[in-house]
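Please read the structure below before turning to the comments.
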Amino acid sequence: MENFGLYMIITNPQAEYTKIAELCVKHDIKMLQLREKDKSDRDIFTISREIMQVVKGTDTNFVINDRPDIAKLVNSDFLHLGQDDLPLSEAEKVYSGKIGLSTHSLAQMDEAVKQNPAYIGFGPLYRTPTKKKPDPAVGLEHIPYVVERAGIPVVFLGGIFPENVDLILKAGAKNISLVRYFMETSEIEDRMKRIIEKIEKYK
């Protein structure tokens, strides 16, 4: 799997779900994840199905967080699992597509790579309130090691904003996710363009 640059995560967005999906397709964003922890199963399924209708047949891959059952039902391109979710080997009994794994330390990263995921997430790089129980910030110093050691695409995330994107990309990150920056506004297209332009500079 090749690096994909901007990894969009939708969680409690100000903009409409399908609008975000349409913009991802328009700007050739390769990875779009739905991460909703507090919605009902029915709502997550409905939103997932609507997003799949937008991205199907495009270069934008749809990723469902946590839920192998819903990922199977809507035939999403990827499933993403966190440290507290089902083990990858068990999720594969339900969902037969590609799977990514979250990691929050070098030890977790090493263990995740052994499971042969499609990609891994690594962070948070900075402190972030996006999660109810945030993991400790890991900083930027591990980025070169993680990129080389993993041997698969690594998405760096956690507390990333335009002000620190250049530092992260200069350190060697190829794939990044800015959750709050995109979710806190209903007008995200200009923000998308800004981050894509920054990523392109460091390719």
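Below, each value reflects all heavy atoms present in this structure, side chains not excepted, and no hydrogens, waters or symmetry copies.
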State whether [X] and [Y] are salt-bridged, where the test is any N-O pair (Lys NZ or Arg NE/NH1/NH2 against Asp/Glu carboxylate O) under 4.0 Å.
X: Glu90; Y: Lys93; result: yes
X: Lys114; Y: Glu111; result: yes
X: Arg67; Y: Asp41; result: yes
X: Lys30; Y: Glu2; result: no

Atom pair [atom1]/[atom2] of [X] and [Y] - distance to nearest 0.5 Å:
X: Ile64; Y: Ile47; atom1: CD1; atom2: CD1; answer: 10.5 Å
X: Thr58; Y: Asp28; atom1: OG1; atom2: CG; answer: 8.5 Å
X: Leu81; Y: Tyr95; atom1: CG; atom2: OH; answer: 10.0 Å
X: Ser102; Y: Asp84; atom1: OG; atom2: CG; answer: 10.0 Å
X: Asp85; Y: Asn65; atom1: CG; atom2: CG; answer: 6.5 Å

So, [X] side chain and [Y] main chain: donor-acceptor pair closer than 3.5 Å or not?
X: Asn164; Y: Gly159; value: yes
X: Thr103; Y: Gly121; value: yes
X: Thr60; Y: Val55; value: no

Flag yes if more than 12 heavy atoms outside Gln115 fall under 6.0 Å of its CD atom; otherwise flag no.
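Yes.
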May I ask you to check whether over 12 heavy atoms, not counting those of Glu197, lie within 6.0 Å of atom CD?
no
Same cluster or not: are Phe161 and Ile195 linked, directly or through other Ile, Leu, Val, Met, Phe, Trp or Tyr residues, by side-chain heavy atoms under 4.5 angstrom apart?
yes
When clusters are formed by joining ILVMFWY residues with side-chain heavy atoms under 4.5 Å apart, either directly or through shared neighbours, do Leu86 and Ile120 land in the same one?
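Leu86 does not cluster with Ile120.
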Are Asp166 and Lys198 close enough, and set up right, to give a salt bridge (Lys or Arg N to Asp or Glu O under 4.0 Å), and what steps lead you there?
CA-CA 7 Å; Asp166 287 283; Lys198 284 180 175 288; 2.7 Å; yes
I want to check something: taking the side chain as every heavy atom from C-beta on, are [X] and [Y] in contact at a cut-off of under 4.5 Å?
X: Gln83; Y: Gln108; answer: yes
X: Ile176; Y: Val155; answer: no
X: Met1; Y: Ile152; answer: no
X: Ile99; Y: Phe78; answer: no
X: Asn175; Y: Tyr7; answer: no
X: Pro153; Y: Phe4; answer: yes
X: Phe182; Y: Leu6; answer: yes
X: Val146; Y: Leu106; answer: yes

Contact summary for [X] and [Y], nearest pair of heavy atoms:
X: Ile70; Y: Ser48; answer: CG2-OG, 3.9 Å
X: Arg180; Y: Arg127; answer: NH2-O, 3.9 Å
X: Pro13; Y: Glu36; answer: CD-OE2, 3.5 Å
X: Ile199; Y: Gly5; answer: CD1-C, 3.8 Å
X: Ala173; Y: Ile143; answer: N-CG2, 3.6 Å
X: Arg49; Y: Val74; answer: N-CG1, 4.0 Å

With Tyr126 as reference, evaluate Val138, Leu140, Leu157 under the side chain to side chain contact (heavy atoms under 4.5 Å, CB included) test and give the passing residue.
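The side chain to side chain contact (heavy atoms under 4.5 Å, CB included) with Tyr126 is passed solely by Leu140 among Val138, Leu140, Leu157.
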Run the ring-centre check on Phe122 versus His104 and record whether the distance is less than 6.0 Å.
no
Stepwise salt bridge (Lys or Arg N to Asp or Glu O under 4.0 Å) test for Glu200 and Lys203:
CA-CA 5 Å; Glu200 290 292 323; Lys203 276 190 173 180; 3.0 Å; yes
Results of salt bridge (charged side-chain N to carboxylate O under 4.0 Å, His left out) for Arg149 - residues two or more places apart only
Asp110
Mind checking what makes salt bridge (charged side-chain N to carboxylate O under 4.0 Å, His left out) contact with Asp66, not counting sequence neighbours?
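Scan of Asp66 (salt bridge (charged side-chain N to carboxylate O under 4.0 Å, His left out), adjacent residues dropped) gives Lys37.
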Cation over ring, Arg191 on Tyr181, under 6.0 Å and within 45°?
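Judged by the rule, Arg191 and Tyr181 form a cation-pi pair.
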Testing the 3.5 Å rule here: is there a donor-acceptor pair between the side chains of Tyr17 and Glu22?
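No, because no side-chain N or O of Tyr17 sits under 3.5 Å from a partner of the opposite role on Glu22.
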How far apart are the C-alpha atoms of Met109 and His142, what are their side-chain angles, what is the distance that settles it, and do they pass the side chain to side chain contact (heavy atoms under 4.5 Å, CB included) test?
CA-CA 11 Å; Met109 185 271 296; His142 298 311; over 6 Å; no
